[in-house]
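For reference, the structure discussed in these notes is given below.
Only this structure's heavy atoms are used, side chains among them; waters, hydrogens and symmetry mates stay out.
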Amino acid sequence: MTDDGSDDGSRDDEVWLVRHGETEWSRDGRHTSTTDLPLTDEGRRVAETLRERLAGESFALVLTSPRRRARDTAGLAGRPDAEVDGDLVEWDYGDLEGKTTEEIRESHPGWTIWQGPVPGGETADQISARLDRLVARCRATDGRVLVFGHGHALRGLAARWLGLPVVDGRLLRLDTATVSMLGWERETAVLLRWNA
């Protein structure tokens, strides 16, 4: 409502995105999707700081990727009962799993996950369809949603929230153990906070 009592069309629904804490491979720049790595000691320490950042916040729905690094981050952040949602898994890197960008570019000059190729992994269309299901689930929830996930998938989720192609997630750097927020300005989906 505006000061004069009229409805300005704004929405209070938000989606808070938390990227998991540091793993050995994320620290070393190795692409990690299906490999289920634990957090490093530093990753655990930083993930524990999320507890204070999320203290006092209430959410209608809390989701996590099934991967250990995301579930452990959720637990350390004070949300051990987060519901596992398979749509939150990281982009499947297929044959590129565990490789650094520099190693991949030896065979594919200029390569990025956003433009492929991703032999044996997910295409941009496949991850877009998966993330669209997640966007629909978040928008159907009455109240705020908190999700714990992975770098490329959360960047793609933000792009889809904004109605952009999933590959536009390339424009949104996302560090480990950060909190970002998606929301609304009236009827327009927007970024409220990013990589904080």
Side-chain angles (χ1 to χ4, degrees), residues 1-21 26 46-47 49-65 67 69-70 73-74 76-79 81-91 112-115 122-196:
M1 293 284 187
T2 61
D3 290 339
D4 67 3
S6 63
D7 186 352
D8 68 359
S10 64
R11 298 176 56 165
D12 294 329
D13 299 342
E14 297 171 347
V15 179
W16 291 37
L17 310 176
V18 178
R19 183 176 174 199
H20 65 76
S26 67
V46 175
T49 68
L50 294 167
R51 180 182 297 264
E52 184 177 325
R53 293 179 69 190
L54 297 173
E57 301 292 347
S58 61
F59 298 92
L61 180 63
V62 180
L63 302 172
T64 183
S65 160
R67 301 290 185 249
R69 56 197 181 272
T73 299
L76 292 166
R79 308 297 167 140
D81 297 328
E83 178 187 337
V84 172
D85 187 323
D87 283 338
L88 273 167
V89 295
E90 180 60 294
W91 195 314
T112 71
I113 188 65
W114 308 105
Q115 296 163 328
E122 274 183 301
T123 66
D125 287 344
Q126 288 170 322
I127 193 168
S128 186
R130 175 161 61 83
L131 296 175
D132 285 350
R133 289 193 301 268
L134 193 55
V135 167
R137 183 174 188 193
C138 291
R139 289 184 176 173
T141 300
D142 186 19
R144 295 192 303 176
V145 177
L146 174 63
V147 300
F148 292 87
H150 311 274
H152 286 126
L154 292 178
R155 292 165 68 184
L157 175 61
R160 297 306 299 143
W161 177 267
L162 298 170
L164 300 172
V166 73
V167 297
D168 283 351
R170 73 188 187 284
L171 304 172
L172 303 169
R173 176 185 167 141
L174 189 60
D175 297 323
T176 56
T178 54
V179 179
S180 300
M181 293 169 51
L182 309 174
W184 301 91
E185 183 178 30
R186 296 185 176 81
E187 66 281 353
T188 302
V190 297
L191 292 180
L192 298 174
R193 179 186 311 152
W194 193 257
N195 206 30

Could you report the tightest heavy-atom contact between [X] and [Y], atom names first, then the distance?
X	Y	result
Asn195	Ser180	N-OG, 2.8 Å
Ser26	Thr176	OG-CG2, 4.0 Å
Val145	Phe59	C-CD2, 3.7 Å
Ala158	Leu191	CB-CD2, 4.3 Å
Leu157	Leu131	N-CD1, 3.5 Å
Thr178	Asp175	OG1-O, 2.7 Å

Subject >> Pair Leu154-Val147, side chain to side chain contact (heavy atoms under 4.5 Å, CB included): steps then yes or no >> reply: CA-CA 9 Å; Leu154 292 178; Val147 300; 4.1 Å; yes
Looking at [Y], is its backbone amide N or carbonyl O close enough to the side chain of [X] to form a donor-acceptor pair, meaning the two atoms are under 3.5 Å apart?
X	Y	result
Thr73	Gly21	yes
Glu90	Ala153	yes
Arg130	Val89	yes

Original post:
Below 4.0 angstrom, N of the basic side chain to O of the carboxylate: do Arg79 and Asp81 qualify?
Top reply: no
Original post:
Salt bridge between Asp87 and Arg137, side-chain N to carboxylate O under 4.0 Å?
Top reply: no
**OP:** Would you please name every residue forming a side chain to side chain donor-acceptor pair (under 3.5 Å) with His150, sequence neighbours left out?
**Re:** Ser65, Arg69
Original post:
Quick one: are Thr112 and Arg170 in side-chain contact, heavy atoms under 4.5 Å?
Top reply: no
Measuring from atom [atom1] of [X] to atom [atom2] of [Y], what distance do you get when rounded to the nearest 0.5 angstrom?
X	Y	atom1	atom2	result
Arg67	Leu88	CZ	CG	11.0 Å
Leu162	Leu171	CG	CG	10.5 Å
Leu17	Leu182	CG	CG	4.5 Å
Arg160	Asp168	CZ	CG	9.5 Å
Cys138	Leu61	SG	CG	7.0 Å
Met181	Leu192	CE	CG	5.0 Å

**OP:** Please say whether the positively charged group of Arg139, taken as NZ for Lys or CZ for Arg, lies over the ring of Trp161, i.e. under 6.0 angstrom from the six-membered ring centre and within 45 degrees of the axis.
**Re:** yes
Original post:
Should we say atom CZ of Arg133 is surrounded by more than 12 heavy atoms from elsewhere, each under 6.0 Å from it?
Top reply: yes
Subject >> Sole candidate of Leu146, Val62, Thr49 that passes side chain to side chain contact (heavy atoms under 4.5 Å, CB included) when paired with Leu54 >> reply: Leu146
**OP:** With sequence neighbours left out, write down each residue that passes ring-ring contact (aromatic ring centres under 6.0 Å, His included) with Trp114, or none if nothing qualifies.
**Re:** Trp91, His152
